[in-house]
**Q** 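Below: one structure in structure tokens.
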There are 2 protein chains.
Amino acid sequence: MKVTELAKSLRTTADTVRYYTRLGLLKPVKSVNGYKSYSNKEVSRLKFILSARKLGFSVADIMQIINESEDGKSACPLVRSLIKERLEETTKQFQAMLTLRNKMSLAISQWEKMEDKAPTPHMVCHLIENFEQIEKT
Amino acid sequence: MKVTELAKSLRTTADTVRYYTRLGLLKPVKSVNGYKSYSNKEVSRLKFILSARKLGFSVADIMQIINESEDGKSACPLVRSLIKERLEETTKQFQAMLTLRNKMSLAISQWEKMEDKAPTPHMVCHLIENFEQIEKT
DNA sequence: CTTAGACCTGTGTCTAGAACACAGGTCAAG
DNA sequence: CTTGACCTGTGTTCTAGACACAGGTCTAAG
């Protein structure tokens, strides 16, 4: 299997496959023409990687998990612990996004009542530069 | 004003100041000893940049906005239009985060009922590799 | 004056997770 | 044999800074 074939068969991109290959997560054989050739084992390996990515694991996490399992150990304890860390992070980011979203919405609605102004030497855009005060009121 | 002074006075880092300087958003003068020297104009410029960043504008957006205002034009129309784009993006990311968070929580709770398993040649971790089916039920 | 040490400097490199650019290779049709 | 479509690996780019590092500055003590 060539890069693009593998990528298409799992609905991802050739660049992604190449990226994981560079990191050593996939280990294709060099075929005669110099192209990378992926076996069925690589297919299930990639399937695993993509599932883990969708669950929020980082690529570094996945490397760890794979290393653990290649030592013959059960990766499950590691997986359980890592996902808790990632969930915490995701929750934080999620809340940051929520806060930002609300702030942006407020800005848009407040700015509707305000006029455009030309810049001055000490003010690039009054909408932005006065928003902090508006926000507090 | 030196890099660190400027940074501290606006509660940011010297690296951030240096970064904006590299991009040309701040234009310090070289002082005798080769150090960058920032004027009061730079202080308000940086204040503007930091406010805009907090509102979700990208650094590239900010460059655009500043260019507009340096041409003597009102940056307000640009600002109004850019923030709407950024809000859409933020909303999308926010929803993606929400979905991911729920998925992760579901995984954690489902996995509590499942045992650890050793890896097999075609399975790195059954928790992850079987989750898609679990999710659908 | 010298030296020690604290702090500061600019420049260059690194991060995540790919996406993109590019010169060249492969392969089937004509 | 050539054209053209598609494919390849490698190297570079992206965000928004954080970090490393060799060396410079500056104040206080000796």
Side-chain angles (χ1 to χ4, degrees), chain A residues 1-38 42 45-46 48-66 82 85-86 89-90 92-93 96-97 100, chain B residues 1-38 42 45-46 48-66 82 85-86 89-90 92-93 96-97 100:
Chain A
M1 255 186 162
K2 287 184 284 182
V3 168
T4 307
E5 286 176 284
L6 174 55
K8 281 189 183 158
S9 79
L10 293 182
R11 275 184 218 90
T12 183
T13 70
D15 279 320
T16 298
V17 172
R18 279 195 272 256
Y19 176 58
Y20 295 154
T21 304
R22 276 188 237 202
L23 294 183
L25 288 175
L26 299 175
K27 287 162 194 159
V29 200
K30 290 259 175 190
S31 67
V32 201
N33 50 19
Y35 289 5
K36 286 156 186 159
S37 175
Y38 296 86
E42 257 77 48
R45 171 68 59 102
L46 180 54
F48 168 74
I49 298 171
L50 295 174
S51 304
R53 290 288 296 126
K54 277 190 220 151
L55 261 165
F57 292 97
S58 72
V59 174
D61 289 344
I62 295 171
M63 296 180 77
Q64 252 192 90
I65 293 167
I66 287 180
L82 283 174
E85 287 177 48
R86 298 302 158 253
E89 291 168 11
T90 303
K92 267 184 201 157
Q93 289 175 37
M97 286 283 157
L100 179 58
Chain B
M1 255 189 163
K2 288 183 285 181
V3 168
T4 308
E5 285 175 284
L6 174 56
K8 280 189 184 157
S9 78
L10 295 182
R11 276 184 217 92
T12 183
T13 70
D15 281 319
T16 299
V17 172
R18 279 195 272 256
Y19 176 57
Y20 295 153
T21 304
R22 277 187 235 200
L23 294 182
L25 288 175
L26 299 175
K27 288 162 191 158
V29 200
K30 290 258 175 190
S31 66
V32 200
N33 49 22
Y35 289 4
K36 285 155 186 159
S37 175
Y38 297 86
E42 256 77 50
R45 171 68 60 101
L46 179 56
F48 168 73
I49 298 172
L50 295 174
S51 304
R53 290 288 296 125
K54 277 191 221 150
L55 261 165
F57 292 96
S58 72
V59 175
D61 290 343
I62 295 170
M63 297 180 75
Q64 252 191 91
I65 294 168
I66 288 181
L82 283 174
E85 288 177 47
R86 299 299 158 255
E89 291 167 11
T90 303
K92 267 185 200 155
Q93 288 174 39
M97 286 283 157
L100 179 58

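Every chain is numbered from 1 and lettered A, B, ... according to where its sequence line falls, protein lines coming before strand lines.
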**Q** Test for a donor-acceptor pair under 3.5 Å between the base of D:dG9 and the side chain of A:R22, counting only N and O atoms.
**A**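 Side chain to base: no pair below 3.5 Å.
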
**Q** For C:dA18, take OP1 and OP2 only and decide whether either is under 4.0 Å from a side-chain N or O of A:Y20.
**A**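 It does, given that an N or O in the side chain of A:Y20 lies less than 4.0 Å from OP1 or OP2 of C:dA18.
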
**Q** Nearest whole Å is fine: how far is C:dG10 C1' from B:Y38 OH?
**A**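 In whole Å, C:dG10 C1' lies 10 Å from B:Y38 OH.
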
**Q** I need the B:M63 CE to B:D61 CG distance, nearest 0.5 Å.
**A** 11.0 Å

**Q** With rounding to the nearest 0.5 Å, note down the distance linking CG in A:L50 to CG in A:L10.
**A** 6.0 Å

**Q** Specify the separation, in whole Å, of atom CG of B:N33 and atom P of C:dG10.
**A**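 Spelled out: CG on B:N33 to P on C:dG10 is 9 Å.
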
**Q** So, do A:T21 and A:V3 sit near enough that their side-chain heavy atoms are less than 4.5 Å apart?
**A**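 Not in contact.
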
**Q** Which nucleotide wins on minimum distance to the side chain of A:K36, given the candidates D:dT10, D:dT8, D:dG17?
**A** D:dT10

**Q** Can you tell which of D:dA16, C:dG10, C:dT9 lies closest to the side chain of B:T4?
**A** C:dT9

**Q** Would you tell me if any nitrogen or oxygen in the side chain of B:T13 comes within less than 4.0 Å of OP1 or OP2 on D:dA18?
**A** yes

**Q** When the distance from OH of A:Y35 to C1' of D:dT8 is rounded to whole Å, what number comes out?
**A**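 That distance rounds to 5 Å.
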
**Q** In whole angstroms, how far is the C1' atom of C:dA16 from the CG atom of A:D61?
**A** 12 Å

**Q** Which sits closer to the 5' end of DNA chain C, B:K8 or B:D15, going by the nucleotide each is nearest to?
**A** B:K8

**Q** Rounded to whole angstroms, how far apart are CZ on B:R18 and P on C:dG10?
**A** 6 Å

**Q** Counting side-chain heavy atoms from C-beta on, which of C:dT11, C:dA19, C:dT9 comes nearest to A:T16?
**A**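 Minimum distance to the A:T16 side chain belongs to C:dA19.
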
**Q** What is the distance, rounded to the nearest whole Å, between atom CG of B:L6 and atom C1' of C:dC8?
**A** 15 Å

**Q** Taking the side chain as C-beta and beyond, is there a heavy-atom pair between B:Y38 and B:L46 under 4.5 Å?
**A**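 B:Y38 vs B:L46: side chains apart.
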
**Q** Return the value, rounded to whole Å, for the distance between atom NZ of B:K30 and atom C1' of D:dT25.
**A**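 My rounded result for the distance is 16 Å.
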
**Q** Taking OH from A:Y19 and P from C:dA19, how many angstroms apart are they, rounded to a whole number?
**A**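 Whole-Å distance recorded here is 11 Å.
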
**Q** Hey, are the side chains of A:Y20 and A:V59 touching, using non-hydrogen atoms and a 4.5 Å cut-off?
**A**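 A:Y20 reaches A:V59 side chain to side chain.
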
